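A short worksheet on the structure shown next.
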There are 2 protein chains.
Amino acid sequence: MTESPFETDGCRPAPRNCDPDSRVVAARLAALSHPARIEIIKHLSASNSCCCREVVDRFDLAQSTVSQHLKILVEAGLVRFEPDRQRSRYAVDHAALADVSASVAALVNSCCSGR
Amino acid sequence: MTESPFETDGCRPAPRNCDPDSRVVAARLAALSHPARIEIIKHLSASNSCCCREVVDRFDLAQSTVSQHLKILVEAGLVRFEPDRQRSRYAVDHAALADVSASVAALVNSCCSGR
DNA sequence: ATCGTCTATCGGCGATAAACGATGACCACC
DNA sequence: GGTGGTCATCGTTTATCGCCGATAGACGAT
């Protein structure tokens, strides 16, 4: 356990005495908190699996931008990546997505149960 | 009124052909995608209702920072604000929070149902 | 070997977020 | 009136986001 004051670990800045759970949830929500990424998730799941180009054609965003969004989703664990020849197959990780939904539900629930 | 191609309306930048729903969901998730704000939500619901100072004491953040976070939560409609003498009562809007949870669940569901 | 295509990454730019201190408004109380 | 506590806002600084064009790597086809 490093004694670093800030362990960014891909999360947003957090107060010192912050529940690690909150950081994890926040990081995943951050990945989902962009309209383009939500749309990309929808598109991926509708098509079962897409390559980058397919997504670029769908939305009018530059290829580099789409690649960036996909990278963020992969790093958040919401999308799985599999290189396929010169293409890249991206597919939604439904389990991870369900997990996010469960996390939010748990947060809401804890707020209601605690009164 | 300028003919701006982007009507930001308090949301993150979005591609042109973006489902408005995605923008709304994204905006709410953005409010939740910060560890400190998640912690604040938890604290508020545990205490039923808090003033700003109470939150400041709990986390080691400057009063102005906490005030800012609370403002963001209020603007996102997740927390209700009620001035009370020189204090400010902040309370979680459980209905709104449940609504966010439902939105995420709907998104996840649409991904699974669409296969 | 040389194209053309698909990707990922780099570098840069403008805009926004996040944090803080300082200031002033407001209220209660002495 | 003066004092102390609470709060929102302003202004500043720093870091990150979101987007793009350009570039380079990898692959298939000609």
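Computed from heavy atoms alone, side chains included, the values below leave out hydrogens, waters and symmetry copies. The structure displayed is predicted, hence computed values, not measured ones.
Residues of residues 69-78 of chain A having a heavy atom closer than 4.0 Å to DNA chain C, listed by number: A/Lys71.
In this structure, B/Ser88 reaches the D/dA8 phosphate: one of its side-chain N or O atoms is under 4.0 Å from OP1 or OP2. Residue B/Arg87 has no polar side-chain atom (N or O) positioned under 4.0 Å from OP1 or OP2 of C/dC26. At the phosphate of C/dA8, OP1 or OP2 sits under 4.0 Å from a side-chain N or O atom of A/Ser67. Proximity of B/His34 to the phosphate of C/dT16: no side-chain N or O atom is located under 4.0 Å from OP1 or OP2. Contact check, B/Tyr90 against D/dT6: no side-chain N or O comes under 4.0 Å of OP1 or OP2.
Between C/dA18, D/dC7, D/dG18, one nucleotide has an atom nearer to the side chain of B/Cys51 than all others, and that is D/dC7.
Annotation: the span from A/Leu97 atom CG to A/Ser101 atom OG amounts to 7.5 Å, rounded to 0.5 Å.
The CD atom of B/Glu82 sits 19 Å away from the P atom of D/dT6 (whole-angstrom rounding). The nearest whole Å value for the distance from the CZ atom in B/Phe81 to the C1' atom in D/dT6 is 12 Å. Spacing between atom CG of A/Leu61 and atom C1' of D/dG18 amounts to 10 Å, rounded to whole angstrom units. Going from atom CD of B/Gln68 over to atom C1' of D/dC7 covers 13 Å, rounded to whole Å. Look at CG on B/Asp60: it is 12 Å from P on C/dG21, rounded to the nearest Å. Going from atom CG of A/Asp57 over to atom C1' of C/dC6 covers 11 Å, rounded to whole Å.
Note: B/His69 and B/His34 have tilted aromatic rings, judged against thresholds of 30 and 60 degrees for the angle between ring planes.
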Identify each donor-acceptor pair in which a side-chain atom of residues 83-90 of chain B lies under 3.5 Å from a protein atom, sequence neighbours left out, and give them as a table.
residue	atom	partner	partner atom	Å
B/Arg89	NE	B/Ser49	OG	3.0
B/Arg89	NH2	B/Ser49	O	3.1
B/Arg89	NH2	B/Ser49	OG	2.9

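In this structure, B/His94 and A/Cys111 approach most closely via the heavy-atom pair NE2-O, 3.4 Å.
Among residues two or more places apart in sequence or in another chain, the side chain to side chain contact (heavy atoms under 4.5 Å, CB included) test is passed with A/Ile72 by A/Ala31, A/Arg37. In this structure, the side chain to side chain contact (heavy atoms under 4.5 Å, CB included) partners of B/Val66, at least two apart in sequence or on a different chain, are B/Cys52, B/Val55, B/Val56, B/Leu61, B/Leu70. Judged as a side chain to side chain contact (heavy atoms under 4.5 Å, CB included), and not counting sequence neighbours, the contacts of A/Ser64 are A/Ala62.
In this structure the side chain of B/His43 reaches within 4.5 angstrom of the side chain of B/Phe59, judged on heavy atoms.
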Fill in: Protein proximity profile, nucleotides 21-30 of chain D - base contact B, sugar-phosphate-only contact S, no contact -, cut-off 4.0 Å on heavy atoms
BB----SS--
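Remark: side-chain polar atoms of B/Ser67 are not paired, donor with acceptor, to backbone N or O of B/Gln63 under 3.5 angstrom.
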